[in-house]
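These notes concern the structure reproduced below.
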Amino acid sequence: MRKIKLGIIGTGLAARNLHLPALLRLKNKFEITAVCNHTEKKAKEFSQLVGGVPYYLDYKEMLKNPNIDAVDIALPIELNYEVTLDALKSGKHVILEKPLAASIDDAKKLLKAEQKYGMTTLLAENFRYRKVFMKAKQLIENGIIGKPYSLAWNLYYNVDEHNSYAETKWRKFNKYPGGFLLDAGVHNIAAIRYLFSEFKSVTTSVKTVNPKIGTHDTMSLQFDLENGMNGVYNIYFSVKGHWEDQLLIFGSRGTIQILNHKLHVKYEGKPEKIYDMTDDNGYYREFLDFYNGIVNRKKIFSSFTEGYKDLQVVLKSFESAELKKKINL
């Protein structure tokens, strides 16, 4: 079996806590051959963690290494465009941590570069690979709750300045719009698009409750989908005394409730059905998809094009909040 020789650019929380466990499970398909971080201490520590592979402080130098087939890019969002473009130019396949870019212009340029250089690319949006959403889509398409007509998704957390992600300087002093609302909020937009349809319009309000964790931390988004559904998506990062991650999908015959990894199907006057879809949040499947895209030339599920559409919805939502009006996509 052919192994992909993988270089990792960016050895922070995402690479260490999210990507590496999946790559270790796929060690028969991926071999980590180099790592890069601009801070030598972090680069060296990650190198030792993955077997003492060569480490670099400059990703451009790493891209010259012929012992690398593909790169895993997990960097501050504002660097995604430049580093991905350089990787494609150097003939490397790319798996890029979401969101696609820090602006819609940069995202468009990446779509053009993807076509120009012809390498395999995957936008690492793990929600597209989560078992719970795959099961929900299957059940909805099988008509288990009848015709879906609306949804409500509430995410309420307390992410203070001592949170490991909030402590990251590039998140605390974000150089991209929306702060955590883009960084984390794009996940749920991707899931809604995957489950149902494209967004037709958005009406949004945002607030900054705790400026110590970035630009904005609170958003309420009302939307219409092209398939006729509507919904509301609330994402609050400074909630005290309450935690919630609940998606409710309302249909003509019943309701689907998703609470983290568990999916509940509910009917009037009947026992509910519960499906436990616990997994690693999709990271294993996204890297497996990347491998099959390179080796077996299979179509990538979470493409850069899908990432572009996710980003567009989030940025249009911020525009709606700024202009205080509904925005059509």
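For clarity, every value in this text was computed on a predicted model and none was experimentally measured.
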Do I249 and F196 touch side chain to side chain, with heavy atoms closer than 4.5 Å? yes
Distance in Å, L26 CG paired with Y283 OH, rounded so as to fall on 0.5 Å steps: 14.5 Å
Nearest 0.5 Å please: distance from the CG atom of D224 over to the CE atom of M229. 11.0 Å
Not counting sequence neighbours, list each pair that qualifies as a ring-ring contact (aromatic ring centres under 6.0 Å, His included) and has a residue in residues 303-329. none
Single-linkage hydrophobic cluster L247~Y149, side-chain heavy atoms < 4.5 angstrom: no
Please say whether the positively charged group of K137, taken as NZ for Lys or CZ for Arg, lies over the ring of Y194, i.e. under 6.0 angstrom from the six-membered ring centre and within 45 degrees of the axis. yes
Could you check whether T278 and D276, counting side-chain N and O atoms only, form a donor-acceptor pair closer than 3.5 Å? yes
Using distance alone, with no hydrogens and no angle criterion, decide if K135 and Q138 have a side-chain donor and acceptor under 3.5 Å apart. yes
cation_pi(K109, Y81) dist<6.0 Å, angle<=45: yes
R2 and Y291, any side-chain heavy atoms less than 4.5 Å apart: yes
Interatomic distance, I8 atom CD1 to M62 atom CE [nearest 0.5 angstrom]: 8.5 Å
If only atom types and distance count, is the side chain of R128 paired as donor or acceptor with the main-chain N or O of L123 below 3.5 Å? no
Taking the side chain as everything from C-beta on, heavy atoms only, tell me whether K60 gets closer than 4.5 Å to K64. no
Side-chain donor-acceptor pair under 3.5 Å between S238 and N210, yes or no? no
I'd like to check F127 versus V186 (side-chain heavy atoms, cut-off strictly below 4.5 Å). Are they in contact? no
Does a side-chain heavy-atom distance below 4.5 Å link D310 with P99? no
Looking at side-chain heavy atoms only, is the closest gap between H19 and I95 below 4.5 Å? no
Between T33, N67, N65, which is the residue that forms a side chain to side chain donor-acceptor pair (under 3.5 Å) with K5? N67
Might you work through the salt bridge (charged side-chain N to carboxylate O under 4.0 Å, His left out) test for E45 and K42, ending with a clear yes or no? CA-CA 5 Å; E45 286 176 351; K42 292 180 179 179; over 6 Å; no
With under 30° as parallel and over 60° as perpendicular, where do the rings of F30 and F290 fit, or are they tilted in between? parallel
Does a donor on one side chain and an acceptor on the other come within less than 3.5 Å for N260 and D245? no
d(H261 NE2, D280 CG) to nearest 0.5 Å is 8.5 Å
Just checking K200: does its NZ atom have more than 12 heavy atoms from other residues, nucleotides or ligands closer to it than 6.0 angstrom? no
Hey, does the side chain of N126 reach the backbone of N281 with a donor-acceptor pair shorter than 3.5 angstrom? yes
S320 side chain to K325 main-chain N or O, any donor-acceptor pair under 3.5 Å? yes
Nearest-0.5 Å distance that lies between atom CD1 in I294 and atom CG in D69: 7.5 Å
Just checking E198: does its CD atom have more than 12 heavy atoms from other residues, nucleotides or ligands closer to it than 6.0 angstrom? yes
In the structure I gave you, are the side-chain heavy atoms of Y156 and W243 within less than 4.5 Å of one another anywhere? no
Is a donor on one side and an acceptor on the other found under 3.5 Å between the side chain of S220 and the backbone of S205? no
Is there a path from Y284 to L23 through hydrophobic residues (I, L, V, M, F, W, Y) whose side chains come within less than 4.5 Å of each other? yes
Indicate, with yes or no, if the rings of W153 and F133 have centres closer together than 6.0 Å. yes
Counting neighbours of NE2 on H38 that are heavy atoms of other residues, nucleotides or ligands and sit closer than 6.0 Å, is the number greater than 12? no
Measuring from I300:CD1 to D289:CG, what's the distance to the nearest 0.5 Å? 4.5 Å
Common cluster, I32/Y59, ILVMFWY with side-chain heavy-atom separation under 4.5 Å: yes
Just so I know, are the side chains of D106 and N80 near enough to count as touching, which here means a heavy-atom distance under 4.5 Å? no
Do Y55 and F46 have ring centroids that are under 6.0 Å from one another? no
Is it the case that one hydrophobic cluster holds both L110 and L63, taking links as side-chain heavy atoms less than 4.5 Å apart, direct or via other members? yes
